[in-house]
Amino acid sequence: MNSALTKYKFAGFGGQGVLFIGKVMAQAGMLSKQQVTWFPAYGPEMRGGTANCSVVISTKRIGSPTVGKPDIAIVMNEASYHKFVDSVVPGGTLYVNSSMVPELRSREDIRFVRVPVNEIAHEIGEAKVANIVMLGAMQAITPSVADDMLEKALMELAGKKPELAELNARALNAGKEFAKNL
Amino acid sequence: MKSIFTKTTGLSDRPFHYCPGCTHGIIHRLIGELLEEMNLIENTIGVAPVGCSGFCENYFMCDMIGAAHGRAVAVATGAKRARPDRFVFTYQGDGDGASIGLAETMSAAARGERITSIFVNNCIYGMTGGQMAPTSLVGQKTSTSPYGRDAMTMGYPLDLPKVLTQIEGAVYVASVSVDTPQAIKEAKKALRKAFQVQRDGLGYSFVSILSTCPTNWGVTPVEALEWLQTKMKPNFTLGELKVPATEGGSEA
Amino acid sequence: MALLMKGNEAIAEAAIQAGCRLFYGYPITPSTEIPEYMAKKMKAVGGTYLQAESEVAAIYMVYGAGAVGERVMTGTSSPGFSLMQEGLSFLFAAEIPCVIIDVMRGGPGLGGLGPTQADYFQLTKGGGHGDYHAIVLAPSSVQEMVDLTKEAFDLADYYRNLVIIAVDGILGQMMEPVEFPPYEGRKLEPKTWAASGAEGRSKNNVISYYLTPEIGEKENSRWGAKMLRIKESEQRFVEYRMDDAEYAFVAFGTCARITETVVDMLREEGINVGLYRPITLWPFPEKGLSARINQIKGWMSIELSAGQMVDDVKLVVNGKAPVGFYGRQGGMTPEPEEVVAAFKAQLLGGVQG
């Protein structure tokens with residue numbers, strides 16, 4: 001928790017679970033007694049299959065819940081990469097789903113973390129947890145909340161079915177492991 | 001002395017404001033009598049429209065809500081859903097029910113709202129002083145169709161009860177008149193059935209009543225009755241147009 | 001325990017907790033989560049959700065349910081709110097209590113789905129005909145949406161007046177931690193006026209017209225007196241860093257949140273600014289603003305519109321200090337940096353900082 005205020009953007013295709021991992025982060029922030037907001041793109045932005053949400057986690061009152069310039073962004077598909085790559089603040093981090101976004105680095109002043117989340121999720125045996133894999137990678141490199149808070153938030157929002165919880169825990173760990181070895 | 005007629009307790013003592021020869025008064029009495037006979041006065045929420053009958057809350061002895069023009073059926077829906085135990089009726093003119101409130105009438109019928117609409121059709125806008133109504137006849141002269149209703153540009157009179165028979169949720173639809181003693185009896189019978197359909201929770205009930213407007217038609221009361229009989233009746237389907245399935249099918 | 005909840009859903013839940021058992025509405029972005037939540041939850045509490053054929057019908061269904069004395073609500077967004085205006089005028093005149101949510105989006109016309117505050121005039125000056133006002137509440141967080149929704153039903157019943165909760169699309173769509181503490185309501189009289197069926201009493205009429213101009217004037221005077229009473233008793237606002245402020249922003253809803261950040265940024269530069277946040281848009285909180293008149297060298301209204309509330313600020317400031325304005329439109333929201341720059345240009349002559 002090095003920063004008093006962290007702004008996130010989570011973006012991808014509808015169905016890639018970007019709104020969900022945004023909620024998990026907001027929930028984890030709330031459980032950590034921090035101020036949080038979660039704000040989805042809605043309306044026409046949602047049509048055409050893309051989705052994104054903004055999350056703010058802060059130690060003090062949050063002004064606008066909209067995030068124009070994220071400190072940290074996750075882009076799960078190529079359209080989202082192009083839409084948000086220039087918005088990340090200098091010194092920020094962009095997590096890229098390298099399973100779907102080709103090797104593109106249009107900036108020198110931010111960190112690119114490329115994670116093949118689809119392949120990793122496939123190895124785990126469930127394509128749907130690619131978003132959780134990315135969440136794990138982000139937690140390993142730029143954590144804003146403690147590990148146990150993130151795990152608890154994930155458990156609360158994903159439901160407590162044992163097999164689902166176990167799958168999510170594996171996905172989160174796989175993401176962390178991959179990121180640590182970068 | 002033996003009493004052979006008393007005013008119904010369903011109506012107040014306030015004299016009607018309606019013009020001589022207008023049949024709103026007769027229709028009011030029929031409703032008042034039925035509220036009394038069916039023991040409904042204390043259980044009823046009536047909805048008054050905008051139009052000549054827009055002051056009818058002064059006459060009916062039940063609780064009344066005054067609606068905006070065309071919105072009586074929506075108001076009745078809101079009231080009925082809030083108090084499903086109450087008997088809820090709307091009293092509307094042809095402009096209210098068939099023009100500005102047509103969407104509300106159709107939608108309430110489609111939902112099968114457990115309310116009763118009494119639709120008084122006199123082929124003209126009375127309150128505003130004789131303008132063309134959705135039910136005005138082709139060729140009929142009104143202040144906004146001074147050369148007569150031209151079907152090519154102003155279309156045809158809407159036979160609303162006939163249309164409503166096509167809607168599943170409208171379970172009782174009748175089209176009656178009050179131009180003769182016999183017709184008045186038939187009208188009361190239809191209203192009673194419509195009320196009972198609501199009491200039985202079967203769906204939307206609708207009674208159209210052909211009515212006169214001597215003032216805005218520019219004729220005497222007697223001529224008005226003749227006009228109703230010779231001009232209006234051929235243009236509107238009459239009778240019990242749809243009765244509940246329990247009475248022999250959902251279609252007449 | 002706090003829950004992470006969307007603003008629209010929090011309003012709906014708060015309404016149910018306030019005893020609202022009737023919701024009539026028509027779906028429209030960005031307010032749709034309100035009818036969706038009601039459709040799902042009303043069944044469990046024995047209430048009624050009904051999807052109306054239009055906002056026109058919806059507001060009159062509200063009118064009908066309110067007239068029989070039940071707590072009732074509808075929720076919509078700007079174009080739908082426009083369609084309801086005639087109904088609002090009727091609700092006022094018939095003195096039917098009800099709560100209406102307007103989740104504001106872009107206009108005029110079909111506009112856009114993005115957040116705005118451009119219904120301000122329509123909300124506060126009477127979008128329908130005649131001399132009337134709704135009580136208009138403007139929360140700026142999801143928690144406040146809950147608290148004010150519960151209170152709105154009491155205010156409506158207490159004054160027999162319509163109450164509108166006005167939020168922009170951001171507040172409707174955003175999630176924030178929220179709690180539902182027990183609510184201790186106002187003491188309210190039984191609704192002996194309601195047209196609920198005249199069982200054991202004389203009949204009631206709930207109507208909105210008068211037969212003669214004499215009665216018309218009398219009724220309008222009575223309503224006017226009620227408006228004055230509300231104006232006297234219900235003005236609400238919150239101040240942020242106003243005590244030693246030399247300049248002040250005025251902003252509500254999401255704009256107030258953004259402006260809090262602006263205030264902090266300018267304070268870090270050594271410029272003493274504060275924020276005056278109206279919670280009631282009608283009655284506009286004149287009293288609190290007037291109390292600051294001699295202290296403030298310049299005012300600035302921040303809005304998601306072309307500048308509407310700024311007129312009310314100017315009326316109160318009455319020429320005693322410059323009143324600036326900065327706004328974004330069409331669904332855009334200002335970044336704090338833009339507001340800082342606009343403030344310096346308009347009120348500091350672009351020389352400081």
Side-chain angles (χ1 to χ4, degrees), chain B residues 9-12 14 17 35 39-50 54-88 90 100-111 113 115 127, chain C residues 20-24 26 42 46-74 83-91 93-94 96 98 128-129 193-211:
Chain B
T9 56
L11 291 178
S12 70
R14 193 157 166 161
H17 68 283
L35 291 178
N39 200 21
L40 288 172
I41 299 172
E42 291 194 343
N43 272 313
T44 295
I45 301 166
V47 181
V50 169
F55 312 117
C56 69
E57 70 274 0
N58 294 319
Y59 309 129
F60 295 118
M61 285 306 285
C62 55
D63 275 6
M64 294 290 293
I65 305 172
H69 193 31
R71 306 286 99 79
V73 171
V75 171
T77 298
K80 182 73 180 188
R81 296 290 184 126
R83 290 299 300 267
D85 59 316
R86 294 309 195 202
F87 177 79
V88 178
T90 68
I100 191 169
L102 186 60
E104 280 77 4
T105 305
M106 289 296 177
S107 302
R111 287 191 304 265
E113 291 295 340
I115 59 174
M127 180 67 154
Chain C
C20 172
R21 290 293 178 274
L22 295 154
F23 183 93
Y24 305 104
Y26 188 87
M42 274 301 191
T48 296
Y49 162 82
L50 180 62
Q51 188 155 318
E53 60 268 32
S54 68
E55 288 89 349
V56 175
I59 197 66
Y60 283 101
M61 290 177 185
V62 167
Y63 182 99
V68 309
E70 300 296 321
R71 284 198 158 178
V72 58
M73 183 169 107
T74 186
L83 278 174
M84 293 181 178
Q85 296 306 308
E86 180 211 37
L88 304 192
S89 172
F90 274 72
L91 282 160
I96 294 172
C98 64
H129 57 286
W193 50 265
S196 53
E199 244 172 321
R201 59 159 168 79
S202 56
K203 73 174 236 130
N204 286 334
N205 287 336
V206 177
I207 55 171
S208 75
Y209 77 89
Y210 22 86
L211 276 168

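So you know, we letter chains A, B, ... as the sequences are listed, proteins then strands, and number each from 1. Source: prediction; values computed, not measured.
- In this structure, chain C has a heavy atom under 4.5 Å from the backbone of B/A67, while its side chain stays farther away.
- When each of C/N204, C/I207, C/I59, C/V68 is checked for heavy-atom pairs under 4.5 Å with chain B, C/N204 comes out on top.
- The choice from B/A74, B/A103, B/A72 that makes the most heavy-atom pairs within less than 4.5 Å of chain C is B/A74.
- Note that CZ of C/F90 and NE2 of B/H69 are 10.0 Å apart. Values are rounded to the nearest 0.5 Å.
- Across B/R86, B/E42, B/R71, the residue that shares the most heavy-atom pairs under 4.5 angstrom with chain C is B/E42.
- Neither the backbone nor the side chain of C/I96 comes within less than 4.5 Å of any heavy atom of chain B.
- With values rounded to the nearest 0.5 angstrom, C/M61 atom CE is found 14.5 Å from B/K80 atom NZ.
- Summarising the geometry, atom CD belonging to C/E199 is positioned 12.5 Å from atom CD1 belonging to B/I41; distances are rounded to the nearest 0.5 Å.
- Taking CG of C/L50 as the start and CZ of B/R81 as the end, the distance is 4.5 Å to the nearest 0.5 Å.
- Sequence neighbours left out, the pairs with a member in residues 59-73 of chain C that pass salt bridge (charged side-chain N to carboxylate O under 4.0 Å, His left out) are C/R71-C/D154, C/R71-C/D157.
- Using a cutoff of 4.0 Å between basic side-chain nitrogens and carboxylate oxygens, B/E57 and C/K203 are not scored as salt-bridged.
- Atom CG of B/D63 and atom CG of C/N205 lie 7.5 Å apart (nearest 0.5 Å).
- Side chain of C/Y63 to backbone of B/G66: a donor-acceptor contact under 3.5 angstrom is found.
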